[in-house]
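Throughout, protein chains are lettered first and strands after them, A, B, ... in sequence-line order, and every chain is numbered starting at 1. Atoms considered below: every heavy atom in the structure, side chains included; atoms not considered: hydrogens, waters and symmetry mates.
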Amino acid sequence: MSIEVLMTTISNVIEAKYTPSEIEGKWVEKWSKEKLYEVTEDSQKPKSYVLIEFPYPSGDRLHVGHARSYSCLDAVARLRRMKGMNVLYPMGWDAFGLPAENYAIKTGVHPSVTTKQNIDHAKKQAMAWGLSFDWTREVNTTDPDYYRWTQWIFIKLFEKGLAYKEEITVNWCPSCKTNLANEEVVDGKCERCGAETERRKQAQWLLRITAYADRLLEDLNTVNFREDIAAQQINWIGKKAGINIRYKVQGARFKNQEIEVFTTRPDTNFGATFVVLAPEHDLVAQVAKTSVKVRNYVKTALDKSERERQMEGKKKTGVFLGLYAINDLTGDQMPIYVSDFVLSGFGTGAVVGVPGHDVRDFEFAQAMKLPIRRVVVGNDGDTTEITKIEQVQEEEGIMVNSGFLDGLDIHEATVRVMDYMEEKGLGKRASSYHLRDWIFSRQHYWGEPIPMVHCSKCGWVPVPEEQLPVKLPQVEKYQPSGTGQSPLATISEWVNTTCPACGGKATRETDTMPNWAGSSWYFLRYCDPLNNKVLGDKEKLAYWLPVDWYNGGMEHTTLHLLYSRFWHKFLYDLGIVPTAEPYARRTSHGVVLGPDGKKMSKSKGNVINPDEVVSKYGADTLRMYEMFIGPFEQSVAWSWESVEGVFRFMKRVWTLITSQETNMVTQSSGEAVRRLHALNKKIENDLEGMKFNTAVAAMMEFLNWWTDHKSELGKAEIEKFVLLLAPMAPFISEELYQRLRGPSDKFSSVHTQSWPKYEVEFERDQEVTMVVQVDGRVRAKITTKASAERTEIEKLALEQENVKKYLDGKKYRVVFVPGKVVSFIVE
RNA sequence: GCCCAGGUGGCGGAAUGGUAUACGCGUUAGUCUCAAAAACUAAUGAGCCAAAAGCUCGUGUGGGUUCGACUCCCACCCUGGGCACCA
């Protein structure tokens, strides 16, 4: 033992100093032994399902960002438990993923080994932080007993026609050697490794999430998501209402064909002068057979990576196909082009060009020297020929040169022309979506095997339910082959199997599922984690669902959140889950930035290790600091000085409550009772309202008052103060509570006590400071009872010197706001 | 370009129509100490003033509504996040 440690130990004994390391560990063990946070269905109690996003157990351990959201929601879970609710606050591991696989590629250590080590460590961290998880419900997505059901859901999707395999152009990451979902490509680069993605044609499994687009959109109205989360989902689904218009094609070999275009602006159709098709369009392929020019253009366009397309900017290129489409409104022949600015995945992959009223069409018309017609006059009143891009009238205006639409506002005209087209059979109202089907195949080892078998006679056949799970086999090399096949393809004894349908020779699917699979339904498994008959018992699911409060990162808004809503709705349709939506309320936390205000990263050297905070200041300080750091939904920079501030608070609480002087007080003053009452209400409202920072501030404020009025708080009120502290700082409050209670045979934790109730009558007796204003300026302050009469208060206000001075015999009128202000307005 | 969030002391922030700057940090002074640290006490938006009292100004900018605006309305500027050749 060093001298320093010895000195500290001695002084602790003498002064009974606050030493978190001496109290926290012992309570973790005690709570676990007492099964304090274990929960079962109880129809007598109102349930509350509080959920945080389960982490990926990485080698970097849980970081201060995890600590922030887990601590805050833990305070909510603890508060609700004390309020008598049956609270489910579970934890698990989203453990399939690249880091473990990459580590395996480098070292040959099986990912399950690394994963287990990481989970063990992270679990120790979570326990040390005093998080009240029910560990008997822990789930792990890489556990075959878990992914058996992930595979089972996939088979159900397949059976309902919502999973299908198709040759598509995919985003290929040459570094990760796998394809990526559209959502995983950011700025033409791989979201994970940053390598530029390439385009490849490959057969892939897709999930038909687009079949649920409308419901995913509409049901947002039935849940309480933070507004920007809902807005982002709406944007991502990107529903646009319009019309599909059919045009007859004119040209030697294509006489009987038609082209269908999607547009949201059929009102401008009298101004249409050309049609443009995406390079992937069928008609383009037909023309390409005989036209070298078209063939070359299509080839170049399809070879371009996402990145190259962006580099080229918005410069318009294209080739005339030598064909025309007939505009039924005008009888005009419109030349048909192919151009890569038209996307095959949106609408019908074909657009009608109205260069006067769409900037992209204008640019294309200029590049191809096509005619430009004005059919709308905007608010600027400009009726001249459109020759400059600034003149393109898109947003509003009145129809001109448009036959029966002339004189109508564009919005009325849109409805009128759609009715007309539908009546004449020229088109049909339709919607188009930004949302695409979910590319579900990955060529990695460390993921759930897709439980499908391919038979040359029967096609794709699902593995029979009783043979699930299809376990991940051992491989020699974890490295993806690079040919577009996962490492599983090299194990011929695993790949070669028999067809479950006909018994003939067949091969297994060797692709695995993406990361998002296991996390799309984990919250269901928490309700019944050990069930080996079904994914979850119906009654248990009915008891716990929906999740009452789900908190997670903003980065999961368009991926995980949408995917899991989709799976949940699918399971709802199968009658497996009781609710159409999984999450009743969704919030998200801000990122904890480094002390320099930048995102934490190893390369910047600004990473804060939560374990270091715990060993230096204790878990209670870590928790309360992370609550106090700033508004929960906002990103905030780490500040060691503020950690010190919170630690000072903990020390002051400790010293005050353990001191002899404080414990001599037998009777609380009225003011103390009233203040504590107000605090009680504030903590409850702030925690439920996600205002963790002001909840901590209120505790501090009360402590400041108490420090100045040490003789005013008796034992009952001190105990109440400790109860109010318990959800936020579980360790110190347990320790102090037990000390206040004194020795007892039967252990009764502070965390199983009832939350104090606040009563309205306290508010009536409350003293309030009212402001006296003259002409809107504060001239005096008076203190009265909240229940005082208006006339009495006004009289008091008029007696104030500084008020008299300004009124001075003048005529005035009075505005009176009870409890707040008396305002004199000189006439 | 479109959608969302935000702009308040030296710093993190509080206040959603009624005392702007709660709470924390920092700074200054003091107590304790041989000294320092810790702890405790006090002060701390700016200006006028020796000081106090008092007055004036002050929440990104410019207008408006109101007895009264950080808060509501209109226009604009800036920062962060999301989407983006989506017809």
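As rounded to whole Å, 15 Å separates atom C1' of B:G12 from atom CG of A:Asp596. The distance from atom CG of A:Leu703 to atom C1' of B:C23 is 12 Å, rounded to the nearest whole Å. Atom CZ in A:Phe632 sits roughly 17 Å away from atom C1' in B:G13 (whole-Å rounding). Distance CE (A:Met700) to C1' (B:G12): 12 Å, rounded to an integer number of Å. The distance between atom OH of A:Tyr625 and atom P of B:C25, rounded to the nearest whole Å, is 12 Å. One interatomic measurement links the two molecules: CZ of A:Phe647 to P of B:A37, which rounds to 18 Å at whole-angstrom precision. We find that NZ of A:Lys17 is positioned 10 Å from P of B:A39, with the value rounded to whole Å. Distance, A:Glu644 CD to B:G12 C1': 16 Å, rounded to whole Å.
Pairing of B:G30, defined by two Watson-Crick or G-U wobble distances under 3.5 Å, is identified with B:C40. Under the Watson-Crick or G-U wobble criterion, with both distances below 3.5 Å, B:U65 has no partner in any strand shown. When both distances must be under 3.5 Å, the Watson-Crick or G-U wobble mate of B:C76 is B:G60. Look at B:A53: it lacks any Watson-Crick or wobble partner with both distances under 3.5 angstrom. Pairing for B:A14 is absent, judged as Watson-Crick or G-U wobble with the two contacts each under 3.5 Å. With a 3.5 Å ceiling on both atom-pair distances, B:A20 lacks any Watson-Crick or G-U wobble partner. Across all strands shown, B:G1 forms a Watson-Crick or G-U wobble pair with B:C83, both key distances being under 3.5 Å. B:C70: no Watson-Crick or G-U partner with both key distances under 3.5 Å is found in any strand.
An OP1 or OP2 oxygen of B:C67 is reached within less than 4.0 angstrom by no side-chain nitrogen or oxygen of A:Arg777. Contact check, A:Gln634 against B:G13: a side-chain N or O comes under 4.0 Å of OP1 or OP2. Close to B:C55, at under 4.0 Å from its OP1 or OP2, lies a side-chain N or O of A:Asn802. For A:His434 and B:C83, the shortest distance from a side-chain N or O to OP1 or OP2 is not below 4.0 Å. Distances shorter than 4.0 Å separate some side-chain N or O of A:Lys651 from OP1 or OP2 on B:A39.
For B:G18, its base sits under 3.5 Å from the side chain of A:Gln773 at one donor and acceptor pair at least.
Nearest-nucleotide assignment on RNA chain B puts the 5′-proximal partner with A:Val821, out of A:Arg779 and A:Val821.
Considering every non-hydrogen atom in both A:Glu260 and A:Ala350, the closest pair reads O-CB, 3.5 Å.
For A:Phe702 and A:Phe721, the gap between ring centers is short of 6.0 Å.
Under the 30°/60° scheme for interplanar angles, the aromatic rings of A:Trp654 and A:Tyr18 are found to be tilted.
Side-chain atoms of A:Arg436 and A:Thr210 include no donor-acceptor pair closer than 3.5 Å.
Atom P of B:G9 sits at a distance of 13 Å from the matching atom of B:A22, rounded to the whole Å.
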